[in-house]
Amino acid sequence: MKSLKNHLILFDAECPMCKLYTKGFTKVGMLDPTGAQPYQNMPQNVCPYVDQQRAVNEIALVDTETGQVTYGINSLFKVLANSIPLLGPLFSLKPFIWIMSKVYAFVSYNRKVIIPAEITEDSFAIQPTFKLRYRIAYLIFTWFMASFILTHYVGLLKELMPVGSTYREYFICGGQIVFQAIVVSIMAWDKKWEYLGNMMTISFAGSLLLLPALLMAKFLVLPALFYAAYFMGVAGIMFLEHFRRMGILKLGYIPTLTWVLYRIVVLLLILFI
């Protein structure tokens, strides 16, 4: 595979996703073995060329010979097109560039709530810019996906509980966002958007864990108790992850308590009203 010579890609060492794909570029030969470095330890010779805040927001690719810097999705396109020339025409299409730049920004500006890292005294001084529109878009996306999957999953539990209307899970999930937003706003106003992003990552991940059971139901006839037990197992994993993330956010146990309490109250209402 053709390697992009004399280029250095600057990734976020505090972001597991960023480390994974940039190290992948060097491992498969798309970049030189030393062609990926964390921006937290940016080499002195490239510092004058790089907009540090933009490099934190959007991955930077530096031509070490000319000093030219590309950012974000254009950096990834440049690496990929060099190794796979057939992709070049696709990467030059303006509509495709626009769509992928939005997808990239959607992930990049939410990466700290997708896989959070604790901010400490040793953390890099410059952190990703918070953009409310991308956080709201992330909340809407994860709300819709989690609700969609849950709507299908409750059909497997119809022997144990009322299935309800088509939109019930959408209202329940949306209600939890509002409820938890109020709780965390009272506790720590400045952390409400960070918390909601983390909470919805957990909800989305939990719904993805339900997909194997949904797939299994297409081929096997199993009792509703099996699917209820499977759901409780996923809920337990979600509880532990919520508790872990509250430690990272330094929000204590109250958000986890109210998160669980909301679900218990909703379940009781479904069963007895």
Side-chain angles (χ1 to χ4, degrees), residues 12 14-17 106-124 127-151 153-154 161 167-210 228 230-271 273:
D12 182 359
E14 298 171 357
C15 168
M17 290 186 299
F106 176 81
V107 175
S108 181
Y109 286 110
N110 287 298
R111 68 184 191 269
K112 296 294 187 180
V113 298
I114 295 173
I115 305 179
E118 186 172 1
I119 305 279
T120 66
E121 293 180 357
D122 298 325
S123 297
F124 194 59
Q127 291 295 315
T129 304
F130 171 71
K131 292 201 173 183
L132 181 59
R133 66 180 181 275
Y134 286 113
R135 185 58 47 81
I136 291 175
Y138 183 73
L139 295 179
I140 292 172
F141 171 77
T142 50
W143 160 77
F144 177 81
M145 293 303 298
S147 302
F148 178 80
I149 294 171
L150 280 168
T151 297
Y153 196 87
V154 294
M161 60 183 292
Y167 302 105
R168 186 183 72 186
E169 298 304 320
Y170 294 88
F171 285 117
I172 292 173
C173 190
Q176 181 149 53
I177 293 173
V178 174
F179 180 72
Q180 290 295 101
I182 293 171
V183 171
V184 176
S185 294
I186 294 170
M187 291 179 55
W189 176 265
D190 59 328
K191 292 186 177 181
K192 62 183 182 299
W193 292 110
E194 189 177 6
Y195 168 78
L196 291 175
N198 276 277
M199 183 191 78
M200 290 312 297
T201 296
I202 296 168
S203 295
F204 180 49
S207 66
L208 292 179
L209 289 175
L210 296 177
Y230 186 94
F231 182 87
M232 291 305 296
V234 170
I237 294 171
M238 292 170 64
F239 171 81
L240 294 174
E241 179 61 12
H242 193 283
F243 190 79
R244 184 186 75 86
R245 290 185 183 228
M246 292 311 96
I248 293 174
L249 297 179
K250 296 180 171 57
L251 284 173
Y253 66 90
I254 292 178
T256 302
L257 182 64
T258 56
W259 179 72
V260 173
L261 182 63
Y262 176 89
R263 284 290 175 174
I264 291 174
V265 170
V266 167
L267 178 61
L268 291 175
L269 290 174
I270 290 172
L271 292 174
I273 295 181

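Start at 1 with the first residue, then count along the sequence. Values below: every heavy atom of this structure, side chains too, minus hydrogens, waters and symmetry copies.
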Q) Going by distance alone, is a donor N or O of one side chain under 3.5 Å from an acceptor N or O of the other, for S147 and Y167? A)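 Looking only at side-chain atoms, Y167 and S147 do not form any donor-acceptor pair under 3.5 Å.
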Q.
Under 3.5 Å, is there a donor on one side chain and an acceptor on the other for Y262 and Q180?
A.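 Looking only at side-chain atoms, Q180 and Y262 do not form any donor-acceptor pair under 3.5 Å.
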Q. Does a salt bridge link E14 with K112, judged by any charged N lying under 4.0 Å from a carboxylate O?
A.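 Salt bridge present between E14 and K112.
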Q) Salt bridge or not for E118 and K250, using N-O below 4.0 Å? A)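 Yes, charged N to carboxylate O under 4.0 Å.
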Q. With ring centroids as reference points, do Y253 and H242 lie under 6.0 angstrom apart?
A.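 So the answer is no for these two rings.
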Q) Can we call the ring centroids of F141 and F204 under 6.0 Å apart? A)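 When the ring centroids of F141 and F204 are compared, they turn out to be within the sub-6.0 Å range.
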Taking [Y]'s backbone N and O only, do any of them form a donor-acceptor pair with [X]'s side chain (distance below 3.5 Å, no angle check)?
| X | Y | result |
| --- | --- | --- |
| K191 | L251 | no |
| R111 | C15 | no |
| R245 | V113 | yes |

Minimum heavy-atom distance [X]-[Y], with the two atoms named:
| X | Y | answer |
| --- | --- | --- |
| N198 | P116 | OD1-CG, 3.5 Å |
| I115 | P16 | CG2-CG, 3.5 Å |
| M246 | P255 | SD-CB, 3.7 Å |

Q | Residue list, side-chain contact (heavy atoms from CB on, under 4.5 Å) with M238, at least two apart or on another chain | A |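 Listed in chain order: I202, V234, W259.
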Q | Residue pairs involving residues 167-181 (criterion salt bridge (charged side-chain N to carboxylate O under 4.0 Å, His left out); sequence neighbours excluded) | A |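 For residues 167-181, and leaving out neighbouring residues, there are no salt bridge (charged side-chain N to carboxylate O under 4.0 Å, His left out) pairs at all.
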Give, for atom [atom1] of [X] and atom [atom2] of [Y], the distance between the pair rounded to the nearest 0.5 Å.
| X | Y | atom1 | atom2 | answer |
| --- | --- | --- | --- | --- |
| F130 | E194 | CZ | CD | 9.5 Å |
| M187 | I254 | CE | CD1 | 5.0 Å |
| E241 | S203 | CD | OG | 11.5 Å |
| Y138 | M200 | OH | CE | 8.5 Å |
| L196 | K192 | CG | NZ | 9.0 Å |
| I177 | L139 | CD1 | CG | 6.0 Å |

Q. Just wondering, are more than 12 heavy atoms of other shown residues or ligands nearer than 6.0 Å to OH in Y230?
A.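 Yes.
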Q) What do you reckon, is OH of Y153 surrounded by more than 12 foreign heavy atoms closer than 6.0 Å? A)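 Yes, because the 6.0 Å sphere around OH of Y153 holds more than 12 heavy atoms from other groups.
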Q: Check whether any side-chain heavy atom of L208 sits under 4.5 Å from a side-chain heavy atom of I149, and report yes or no.
A: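 The answer is yes, as the side chains (C-beta and beyond) meet within the 4.5 Å cut-off.
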Q: Decide side-chain contact (heavy atoms from CB on, under 4.5 Å) for I172 and L150; before the verdict, give the C-alpha distance in whole Å, the side-chain angles of both, and the deciding distance to 0.1 Å.
A: CA-CA 10 Å; I172 292 173; L150 280 168; over 6 Å; no
